[in-house]
Amino acid sequence: MSNYPFHRIEQYWQQYWEESSIYSTKNDFSKPKYYILDMFPYPSGAGLHVGHPLGYIATDIIARYKRMKGFNVLHPMGFDSFGLPTERYSMTTGIHPAEATKTNIERFKEQLRIIGLGYDWDREIATSNPDYYKWTQWIFLLLYNSWYCHDTKKSRPIEELPIPTDIHYEQDINQYIDSRRLAFIANIPVNWCEELSTVLANEEVEEWRSKGYTVIRKPVRQWMLRITEYADRLLEDLALVQWPNSTKEMQINWIGKSEGAEIQFPVLGEEEYITVFTTRPDTVFGATYLVIAPELPLVDLIASPEQKDAIEEYRTITKEKNDIERTELQKTKTGVFTGAYALNPLTNTEIPIWIADYVLPDYGTGAIMAVPAHDDRDFEFATKFNLPIIQVVQPVDSTKAIPSDEAFTDYGIAINCNHTELKLNGLPTVEVKKTIIDYVEQHKIGRAKITYKLHDWLFSRQRFWGEPIPIIFYEDGTKRSLELDELPLLLPEIDSLESLRGESPLAKVEQWVNFTDKDGRKGAFETNIMPQWAGSCWYYARYLDPQNTEAFCDPTLEKYWLGENGVDLYVGGSEHAVLHLLYARFWHKVLYDYGYVTSKEPFSRLFHQGMLLGTDGKRKMSKSVGNVVNPDDVIEKYGADSFRLFEMFLGPLEVTKPWSDTGIEGSFRFLNRLWRFYVNPETEHIAENVVEREMTKKELFLLHSTIKKVSNDIETLSFNTAIAQMMIFLNEASTFETKPKSMMLDFLKVLAPFAPHFAEELWKIYGHSTSIVIENFPECNEEYLVVDEVEIIIQVNSKIKAKLMVSTSATSAEQETLAKNLPEIAALLQGTTPKKVVSVPQKLVNFIL
RNA sequence: GCCCAGGUGGCGAAAUCGGCAGACGCACAGGACUUAAAAUCCUGGGACCCUUAAAGUCGUGCGGGUUCAAGUCCCGCCCUGGGCACCA
C-alpha cells in the first residue's frame with residue numbers, strides 16, 4: 001500500500017498560502033489580539049537541526065488554534081543578525097559579514113518554510129538592518145539622555161536633572177550630568193590579550209591561554225548601562241508575570257538583593273576609615289580582623305612600608321587570575337597582612353587589616369569585617385593565619401554544642417557582646433541586628449544598607465559587527481549625542497575585515513571615524529559598538545510596525561498589540577533565563593517610564609522548550625558531536641506534517657529528550673491511516689463509507705471528548721497528549737461501519753493546527769474552496785460528554801476483586817448494595833461482617849474485613 | 001557547596017481531587033494477506049511463580065511514615081540533568 005502523496009500536497013499548499021498571503025496579520029482592532037512570539041534565531045552558517053524548530057512548531061500550533069478561535073494573531077519571525085561568529089567567519093573568509101548574514105538568513109527561511117510554519121514574513125526584521133538598528137541606537141540615546149529619579153522612581157529626561165547648588169563651572173556640571181546618565185563611560189577591567197591586542201570573552205580566555213597567549217585583567221574605557229537603578233523594580237515586577245518558577249528564581253538570585261549595614265572602622269594612625277558591608281551587623285563583636293580586596297587603592301594608603309613588597313607581589317598574582325581561576329583555586333585561602341590596624345568601633349579593640357582575593361572589589365564596599373566564628377570563609381582564613389576566633393552567637397537550643405572545627409552561621413542568641421551602653425547578650429539575632437544598626441546610625445559610624453549582586457551592564461564591545469554607538473567626541477573634549485534625524489549612524493563600507501583586526505576595528509577606518517559637524521567643529525565618532533543583546537532587547541515591539549520610519553513603533557499599534565499584557569506568550573530556551581530576559585525587561589521599563597509602552601512587563605507568559613538530544617539519548621545534538629539530524633532530510637522522507645506531529649509527540653515540550661529515527665514512523669503511519677480513513681486512496685475521493693447522517697451518541701461522545709482534550713492541551717502546551725487523543729479518536733472511529741460527514745469535518749479542524757497541509761488537502765477533497773486556516777475551531781458541547789453509567793471497582797481489603805457498571809446517579813449506599821450482591825464478592829464476604837466499608841460514588845467500594 | 005528540575009516497562013512516555021499504574025506511540029513476538037518480502041490488517045505483552053491458564057506474590061530511585069487506599073501527601077537518603085558559585 002502506497003503512502004499518501006505528501007510531497008505534492010505540501011508543495012501545493014505552501015505555494016497557495018504564500019500567494020494568498022493568508023498569514024499576513026491585519027491591524028483589525030475589532031478582534032481580541034493574541035501576540036505569540038518565538039525567541040528569534042541567530043542566523044549561523046550551520047543551518048537548523050531538528051532541535052531548533054521544536055519551539056517554532058509549538059507556537060505555530062497555538063497561533064493556528066487561536067486564529068481559529070477568533071483571535072487576531074500576531075506570530076512574527078526575524079533574525080538576531082549581529083554577532084561575533086559572523087565577524088570571525090568574515091575575518092577568515094574575507095566575505096563581508098552583511099553578505100554572510102544575508103546568505104544564512106535565506107537558508108534559515110527556506111528551512112522554516114518547508115516545515116509549513118505560518119509566519120507573517122511581511123513583518124520580518126533583522127537586527128543588522130539599518131532601518132532596524134536606527135531604533136536600537138535611538139533607544140540607546142534615550143538611555144544616554146536620561147537619569148533615574150529616586151523620588152518618582154522612574155527615568156526622566158536629563159534636562160530635568162537638578163544640579164546641586166555647589167556646582168558652578170560648566171565642566172563640573174557636565175561631569176555631574178554624565179555621572180547620572182543611564183548610559184555612561186567607566187573604566188572596567190576586561191580580559192585583555194596583549195599578543196592579539198584585543199579583548200576576549202570569558203569563554204575565549206581558556207582557548208587562547210592554552211595556545212600560550214597571556215590574558216590579564218586590564219581596565220578599559222567602556223560604556224555601561226545603569227541597570228542597577230532598576231534592581232528593585234525588576235525584582236518586584238516578577239510577581240506580575242506568569243513565568244516558570246525556576247526562571248523567576250534565577251532572576252531573583254541574579255539580582256541578589258541583600259539587606260545589611262555599612263560600618264566604618266577607623267584605621268589606626270591614619271585619617272582613614274574602612275567601610276565594610278555586612279549582612280550580619282549583629283556579629284560585629286566577633287570581628288577580629290578586616291579584609292580588603294587587593295585591587296583597592298586604599299591598600300596603598302594604609303600599608304606599612306615593610307609590607308609593601310609582599311602586597312605588590314600578591315597583587316600581581318591576583319591580576320593574572322581571571323574570574324574563573326579566582327574561584328577555582330580557592331581550595332585554600334590566600335592573603336597578606338598590610339601591616340596596618342583598625343579599631344573595632346564596638347569592642348574598641350585593635351584588629352589587623354589584611355588583603356585577600358576572596359574579597360571582591362566590586363561587591364559591597366570591597367572590604368569586609370571578618371567574623372571567623374560565624375562565617376565559613378573567614379573561619380578557614382583565620383585558621384590558616386592563626387587569627388583570633390570569638391564566639392558571639394550561640395544556637396537557640398543551648399544544649400547543642402558549638403562546634404570548634406567550623407563556623408556557626410545560623411541565627412541564634414547573642415553572647416560575649418559586652419558593651420557599656422548596649423545590653424545585647426541573650427537577645428535573638430534579629431533584635432541584635434536592629435539594635436546595632438540603630439547604634440551605628442546614631443553615632444554616625446554606619447547605616448542600614450541594601451546591596452545587590454547585580455551590577456551595571458557592560459554595554460560596549462571592541463568589535464565591528466554591531467550597532468555603532470551614536471556619540472561624537474569633539475577635539476575640545478566635549479561630546480554630543482546624535483539627533484534623531486542623524487540616525488542611523490551606519491557602519492562604514494569596508495572591503496575586508498582582515499585589516500581591522502585588533503582593538504576597536506572601527507578606530508582603524510579613519511574616513512569613518514573623523515567627522516566635521518554641521519557647525520564646522522571637528523570630532524570623532526565613538527569606536528565601540530553595542531553588544532548582541534542590544535538588538536534583541538526590544539525586537540518584540542518592532543514587529544508591530546516594522547516599516548515605520550518616524551518611530552520605533554506607532555503608539556496606536558502598541559496599545560493594541562502589546563497593551564496591558566505585552567507579549568501574550570513568549571517561547572524560547574531556558575539558556576536565556578537571566579541575561580536576555582533581564583536586559584529586555586530593563587529596556588522595557590525605561591520605555592514604560594516615558595509612556596512609549598503600556599505594560600510594566602514585556603512578556604506576560606513565558607515557556608521554555610526543552611533541548612533535543614541525539615539518538616543515543618546522552619549527548620546534546622550538535623555539529624561537533626556529529627549526531628545532527630537535519631529537518632530537510634526528515635521532511636523529504638516523511639513530509640512536514642509527520643515531522644511536526646512527531647516533534648510534538650516526543651514528550652512534554654519543556655523536557656530534554658532524545659530524537660528517534662524510528663519513532664517518526666509512528667506519526668507517518670498515523671497520517672497514512674487517517675488518509676485512508678478520509679479518502680479512497682485509489683480515486684482520492686471521499687471514502688465510500690462516509691455518509692450524510694446525524695452522529696450517534698457514541699460518536700458525539702468520542703468527537704467532543706477529543707475536542708475538549710485537544711483544546712485544553714493546546715492551551716497548556718501539552719501537545720504530546722493532544723496527539724495521543726487524536727490517535728485514540730482514529731483507533732475508535734476506524735471501527736465504525738459508516739462515518740458521518742459532520743464528524744469527519746470537525747475532526748479535520750481539530751487536526752488542522754498540527755498537520756496543516758494534510759488538513760487543507762482533505763478539506764478541499766471534502767468539497768471546500770476556501771482554506772481551513774480561517775475556519776472556526778469546533779466548540780466542545782459538554783452535554784455530549786454526560787454518561788449515564790460508569791464502571792467502578794470493588795475491593796476487598798483494598799485489593800481489586802471485581803468491577804461493576806453503575807448508574808452515575810447511584811448513591812454510595814446503592815452501589816454498596818450492588819457490590820455486596822455480586823456473586824464473587826458475596827462469596828468472599830460469606831460469614832463475616834465487614835469492619836468498615838468505604839464507598840466513593842462513581843469510584844469504588846472497598847470492604848475491610 | 002548552594003539553587004532549580006527530574007527519577008515510572010526493552011525505549012519515548014501517560015495518569016484532574018490520593019481511588020483499576022503503564023493511555024498513546026516506538027521496538028518486539030505471533031497470526032492473516034502474499035510465490036516471497038515490504039506495506040497493511042488482527043492479536044499479544046511490567047516482573048515473578050507455573051507446561052499453560054486461573055489464582056497468587058511483587059512492582060513507579062532507596063528506607064521509613066500517614067491512610068480503607070500512595071507514582072501522587074509527610075520525613076530521611078541516593079542518583080541524574082541544568083544553573084550559579086568566595087556576594088560578606
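Protein chains get the first letters and strands the later ones, always in sequence-line order, with residue 1 at the start of each. Keep in mind it's a predicted model, so treat the numbers as computed, not measured.
- Note: CG (A:Asn797) to C1' (B:U67) measures 14 Å, nearest angstrom.
- Within 4.0 Å of A:Ser660, counting heavy atoms only, lies no atom of the nucleic acid at all.
- Between the side chains of A:Tyr452 and A:Asp232, at least one donor N or O sits under 3.5 Å from an acceptor N or O.
- Distance CG (A:Leu454) to P (B:C84): 15 Å, rounded to an integer number of Å.
- Rounded to an integer number of Å, the gap from OH of A:Tyr638 to P of B:A39 is 11 Å.
- Between the side chain of A:Lys803 and the base of B:C20, a donor-acceptor pair under 3.5 Å is found.
- Of the candidates B:A88, B:C20, B:C84, the closest approach to any side-chain atom of A:Trp254 belongs to B:C84.
- Heavy atoms of A:Asn846 sit under 4.0 angstrom from at least one base atom.
- Taking the six-membered ring for Trp and the full ring otherwise, the centers of A:Phe381 and A:Tyr289 sit less than 6.0 Å from each other.
- Between the C1' atom of B:G81 and the NZ atom of A:Lys657 lies a distance of 14 Å, rounded to the nearest Å.
- Nucleic acid contact for A:Glu791: base, since at least one base atom lies under 4.0 Å from a heavy atom of the residue.
- Between B:G83 and A:Lys248, no contact under 4.0 Å exists linking OP1 or OP2 to a side-chain N or O.
- Taking atom P on both nucleotides, B:G9 is separated from B:G63 by 15 Å, rounded to a whole Å.
- In this structure, of B:C24, B:G12, B:A88, it is B:G12 that holds the atom nearest to the side chain of A:Leu650.
- The glycosidic torsion of B:C17 lies within 90° of 0, placing the base in the syn range.
- No hydrogens or angles were tested; on distance alone, nothing pairs the side chain of A:Gln795 with the base of B:C68 as donor and acceptor under 3.5 Å.
- Taking 4.0 angstrom as the limit, A:Lys836 places a side-chain polar atom (N or O) nearer than this to OP1 or OP2 of B:C68.
- Residue A:Ile848 is in sugar-phosphate contact alone, with no base atom involved, counting any heavy-atom pair closer than 4.0 Å across all strands shown.
- Under the Watson-Crick or G-U wobble criterion, with both distances below 3.5 Å, B:G6 is paired with B:C79.
- Computed from coordinates, the A:Ile723 CD1 to B:C24 C1' distance equals 10 Å when rounded to whole Å.
- When rounded to the nearest whole Å, the span between CG of A:Asn720 and P of B:A15 equals 8 Å.
- Taking the centre and axis of the six-membered ring of A:Trp254, the NZ or CZ atom of A:Arg585 falls outside the cone set by 45° and 6.0 Å.
- With distances taken from any side-chain atom of A:Arg673 to the nucleotides B:C41, B:C24, B:A88, the minimum falls on B:C41.
- For A:Thr721, the listed nucleotide lying nearest its side chain is B:A15; candidates were B:G12, B:A15, B:U40.
- Between A:Arg669 and the phosphate of B:A27, there is a side-chain N or O to OP1/OP2 separation shorter than 4.0 Å.
- Side-chain proximity of A:Ile800 to the nucleotides B:C24, B:C41, B:A21 is greatest for B:A21.
- Listed pair A:Asn245 / B:A5 fails the phosphate criterion, with no side-chain N or O lying under 4.0 Å from OP1 or OP2.
- Rounded to an integer number of Å, the gap from CD of A:Glu575 to C1' of B:C84 is 16 Å.
- When each of B:A88, B:C4, B:G25 is scored by its nearest atom to the side-chain atoms of A:Met727, the top-ranked nucleotide is B:G25.
- Contact check on A:Glu816 versus A:Lys820 returns a salt bridge, with a Lys/Arg side-chain nitrogen under 4.0 Å from an Asp/Glu carboxylate oxygen.
- A heavy-atom distance below 4.5 Å is found between the side chains of A:Phe747 and A:Met726.
- Closest to the side chain of A:Ser798, from the set B:A88, B:A69, B:A27, is B:A69.
- A donor atom on one side chain and an acceptor atom on the other are found under 3.5 Å apart for A:Tyr314 and A:Thr334.
- For the pair A:Asn3 CG and B:A38 P, the interatomic distance rounds to 15 Å; values are reported in whole Å.
- Residue A:Lys801 places its side chain closer to B:G56 than to any other of B:G56, B:A27, B:G12.
- Classification of A:Arg447 and A:Glu441 as a salt-bridged pair fails, no side-chain N sitting under 4.0 Å from a carboxylate O.
- Across all strands shown, A:Pro652 has heavy atoms under 4.0 Å from sugar-phosphate atoms exclusively, and none from any base.
- For A:Ser258, the side-chain atoms get nearest to B:A88 when compared with the rest of B:C20, B:A88, B:C3.
- Distances were taken from every side-chain heavy atom of A:Glu249 (C-beta onward) to each of B:C24, B:C4, B:C84; the shortest belongs to B:C4.
- Residue-level contact check: A:Asp378 touches neither bases nor backbone, having no heavy atom under 4.0 Å from any strand.
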